[in-house]
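Reviewing the structure listed below.
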Number of protein chains: 2
Amino acid sequence: MDLNDRKRKILQAIIDEYIGTAEPVGSRAISKVKELGLSSATIRNEMADLEEMGYLIQPHTSAGRVPSDEGYRFYVNSLMSRYRLGMEAIENLHLELEKRVNQLDKLIKKAGMITSALTEYTTFVTSPEQSLAKISKIDIVDLGSGRTLVIVVTQDGLVRNCMLSLSLGNDNSERLAAILTSKLSGLSVDEIDFEKIREIEAVIASSMTLSPKSLVNILNFVYETISDLSATEIYVDNVKSILKFPEYRDVAKASEIFGFLENKENLKKLIASGGDGKNINVVIGDENTAEPLKDCSLVTVNYSLDNRTRGKIGVIGPKRMDYAKVFASLDLISTHIDRILNLYHDDSS
Amino acid sequence: MDLNDRKRKILQAIIDEYIGTAEPVGSRAISKVKELGLSSATIRNEMADLEEMGYLIQPHTSAGRVPSDEGYRFYVNSLMSRYRLGMEAIENLHLELEKRVNQLDKLIKKAGMITSALTEYTTFVTSPEQSLAKISKIDIVDLGSGRTLVIVVTQDGLVRNCMLSLSLGNDNSERLAAILTSKLSGLSVDEIDFEKIREIEAVIASSMTLSPKSLVNILNFVYETISDLSATEIYVDNVKSILKFPEYRDVAKASEIFGFLENKENLKKLIASGGDGKNINVVIGDENTAEPLKDCSLVTVNYSLDNRTRGKIGVIGPKRMDYAKVFASLDLISTHIDRILNLYHDDSS
DNA sequence: GTTAGCACTCTTGTTTGTTGAGTGCTAATC
DNA sequence: GATTAGCACTCAACAAACAAGAGTGCTAAC
């Protein structure tokens with residue numbers, strides 16, 4: 001059977017309608033679409049065809065049609081019209097993000113919140129992946145009371161810290177920090193392994209007086225703090241929107257998704273599975289590998305720094321989500337973040 | 001009417017039962033409680049009395065009784081028996097918290113997760129309030145590419161940072177950091193105001209060559225970063241548990257609470273309203289000022305440092321929550337955190 | 001090729017009756 | 001005088017029966 005232009009238009013109309021109402025769409029409703037100008041009987045015939053082709057599903061005889069996963073897929077790939085975001089929304093976004101530019105973690109968090117405000121769906125964002133980020137400085141602060149703080153700063157401006165319970169005194173702390181900074185700065189997290197640490201250990205042992213035990217202790221913590229850099233944070237926002245959708249009236253289903261979203265491990269797997277490119281990525285219903293998302297759709301986009309993927313922004317909603325709007329929102333926000341992140345880097349080149 | 005011993009025992013039995021089942025409790029069920037050894041008819045009479053006294057409510061004739069807010073209140077204050085946590089739970093807690101001791105933020109976050117695991121209710125925790133925390137060090141790092149990072153460290157080991165887009169060079173950064181540290185260390189966030197900053201501005205202007213614009217810029221950001229210290233973070237965990245309770249089968253109600261919990265402003269108000277003492281605090285149903293919590297109970301406890309309240313851990317659940325268990329859990333975890341936090345401070349005194 | 005018309009299907013909402021848990025009251029019992 | 005057995009009564013919850021309505025597929029006419 002041929003998916004001619006008319007069938008495409010009808011399919012589009014059905015899915016548009018279903019996205020709005022969440023109710024099976026009957027032939028009568030589509031016959032009222034002006035541009036088509038067809039009677040319900042004709043639509044019925046076409047609908048039967050579209051069902052046979054796998055794009056529609058009939059929940060039961062005498063109900064209207066509902067898009068199948070394939071239907072949504074085709075809609076996303078070839079049918080849906082572009083969504084135009086309002087100017088106020090765009091300006092608002094500018095304003096909100098600009099304010100946060102001075103704190104990397106918060107910038108990303110805010111980006112997630114803006115996305116959920118734009119789309120009205122649940123969103124998640126990951127903090128920039130730092131495994132290739134270069135270390136800029138290591139600081140060691142003796143806080144007194146037998147506590148010492150190790151602080152690692154990357155060239156992207158991310159800061160991680162770690163406390164250990166021993167006291168070095170201010171002088172020793174400073175000297176140690178200087179050695180560590182000179183030995184490690186410019187290296188990426190991936191380049192620092194136990195061997196490298198051992199090498200530094202030797203240098204310190206020869207130029208400073210520190211008990212071997214303290215030294216090992218400190219270096220372990222430095223190593224741990226550095227490794228901690230590559231641990232991506234994930235922020236989820238607007239989970240409550242899930243309860244808005246009639247498809248989650250069933251509390252058991254909603255609960256399943258909530259549980260899934262509250263477990264960071266699940267989200268990490270989810271993120272790892274997404275693509276790496278610049279484009280927006282969509283996973284519809286059963287295409288999801290994670291069981292609880294089998295009747296959700298997931299739309300993700302990468303943001304990047306130095307043309308390298310650094311993190312993801314994603315939207316999770318019912319399969320009948322407003323894809324056009326989500327695409328437009330993610331597109332806008334990801335390019336915006338890219339611009340902010342790369343601003344400084346471009347300056348230097 | 002007199003609330004004699006028998007009435008108390010019956011009330012306790014009813015509430016215990018209701019906490020377990022969430023179903024109105026009938027006289028038959030209570031007549032089966034061995035220790036009482038009373039017939040259902042007697043119980044009925046007593047129940048009628050308890051209702052008249054305001055401790056019980058009958059949803060409709062021919063239904064059993066449900067505790068009123070006053071009933072719960074009396075139960076919490078005078079009736080409930082102590083709950084004994086299992087040894088494995090306690091040991092597990094030790095282990096989990098000990099691992100996190102090296103990162104203040106994470107320690108607190110973990111404490112919330114443990115509480116939600118122990119109680120199976122939604123929990124929240126606030127990061128330690130830092131308005132009285134003393135500044136230990138200020139560091140300024142030139143990241144290159146026209147970005148400079150300001151890092152503030154408190155004596156508690158909390159680290160906050162802020163990025164600004166100007167370049168000072170390494171030497172200037174270090175010198176500036178040294179001046180700021182010497183002028184600000186030992187002061188609490190509250191003690192640093194615009195006047196103080198202005199004073200520092202003068203010192204810097206006289207001893208360094210910096211464009212006045214950069215200087216103002218930097219000091220603004222330093223001030224902002226310091227102010228940011230006193231912004232308490234709130235972590236919420238195990239929200240999904242709310243959907244487990246039959247009282248939230250109604251999605252609209254659940255949604256209301258979810259919305260409430262996702263808005264940090266609401267939570268901040270909630271926290272501000274709680275007591276300041278060492279004791280566990282309970283707010284039952286209508287006693288809550290926040291509308292969406294009117295049929296929830298809220299149990300909070302403060303954790304402290306230097307005998308000063310620093311933050312809160314709280315549990316939110318249905319009014320028929322297992323108060324005994326929640327009390328025991330919160331008690332355990334708060335004393336544990338207190339111990340960990342004060343460990344170092346005790347050393348120094 | 002399109003559409004009006006019609007019989008048919010199946011969900012949804014409503015009504016009605018039934019069941020059962022639980023009550024309050026009274027009278028008998030300890 | 002306190003306790004309890006017994007009984008009539010109430011009301012939510014469930015199920016069966018029914019009506020209404022939305023939507024379909026098919027046929028025959030346009």
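Every chain is numbered from 1 and lettered A, B, ... according to where its sequence line falls, protein lines coming before strand lines. Everything numeric here is computed off the predicted structure, so don't read it as measured data.
Rounded to the nearest 0.5 angstrom, T300(A) OG1 and I316(A) CD1 are separated by 10.0 Å.
A straight line from CD1 of I43(A) to P of dT24(D) spans 10 Å, rounded to a whole angstrom. L36(A) has its CG atom 15 Å from the C1' atom of dT3(C), to the nearest Å. Across the protein-nucleic acid pair, M47(B) atom CE and dG22(C) atom P stand 9 Å apart, rounded to whole Å. For E23(A) and dT24(D), the CD to P distance is 13 Å, given to the nearest whole Å. Here the P atom of nucleotide dT3(C) and the CD1 atom of I30(A) are 15 Å apart, to the nearest Å. In this structure, R28(B) places its CZ atom 15 Å from C1' of dT4(D), rounding to the nearest Å. Put simply, CG on N4(B) is 18 Å from P on dG1(D), counting in whole angstrom units. Look at CD on E51(B): it is 13 Å from C1' on dG22(C), rounded to the nearest Å.
Checking dT11(C), dT3(C), dT4(D) against every side-chain atom of A41(A), the shortest atom distance belongs to dT3(C).
Look at E247(A) and R320(A) and you find a salt bridge, because one of the NZ, NE, NH1 or NH2 atoms lies within 4.0 Å of a carboxylate O, short of that distance. With respect to the salt-bridge test (charged N to carboxylate O, under 4.0 angstrom), the residues D5(A) and K9(A) qualify.
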Mind running ring pair (Phe, Tyr, Trp, His ring centres under 6.0 Å) on F74(A) and Y55(A) for me, showing each step along the way? CA-CA 8 Å; F74(A) 187 71; Y55(A) 294 120; 5.4 Å; yes
For N302(B) and K312(B), run side chain to side chain donor-acceptor pair (under 3.5 Å): C-alpha distance rounded to whole Å, both residues' side-chain angles, the deciding distance at 0.1 Å, then the answer. CA-CA 4 Å; N302(B) 298 318; K312(B) 275 193 165 54; 3.0 Å; yes
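Taking only side-chain nitrogens and oxygens, R6(B) comes nearer than 4.0 Å to OP1 or OP2 of dT3(D). Residue S62(A) places no side-chain N or O under 4.0 Å from the OP1 or OP2 atom of dG21(D). The side chain of T42(A) contributes no N or O atom lying less than 4.0 Å from OP1 or OP2 of dT2(C). Contact annotation: R65(A) side-chain N/O to dA22(D) OP1/OP2 distance is not under 4.0 Å. Contact annotation: T61(B) does not reach the phosphate of dT10(D) (side-chain N/O to OP1 or OP2, under 4.0 Å). Taking side-chain N and O atoms only, S27(A) has no distance below 4.0 Å to OP1 or OP2 of dG23(D).
Other residues, nucleotides and ligands contribute at most 12 non-hydrogen atoms within 6.0 Å of the CE atom of M113(B).
Listed for the T122(B) side chain is a donor-acceptor partner under 3.5 Å among the backbone atoms of N238(B).
At a cut-off of 3.5 angstrom, the base of dG6(D) holds at least one donor-acceptor pair with the side chain of R44(B).
Terminal axes of the helix from dG1(C)-dC30(D) to dC30(C)-dG1(D) (five pairs each, C1' rotation axis) are separated by 20°, to the nearest 10°.
The residue among N45(A) and A29(A) whose nearest nucleotide of DNA chain D is located toward the 5' end is A29(A). The residue among S39(B) and H60(B) whose nearest nucleotide of DNA chain D lies closer to the 5′ end is S39(B).
C296(B) is not listed as a side-chain neighbour of K319(B), based on a closest heavy-atom distance of 4.5 Å or more.
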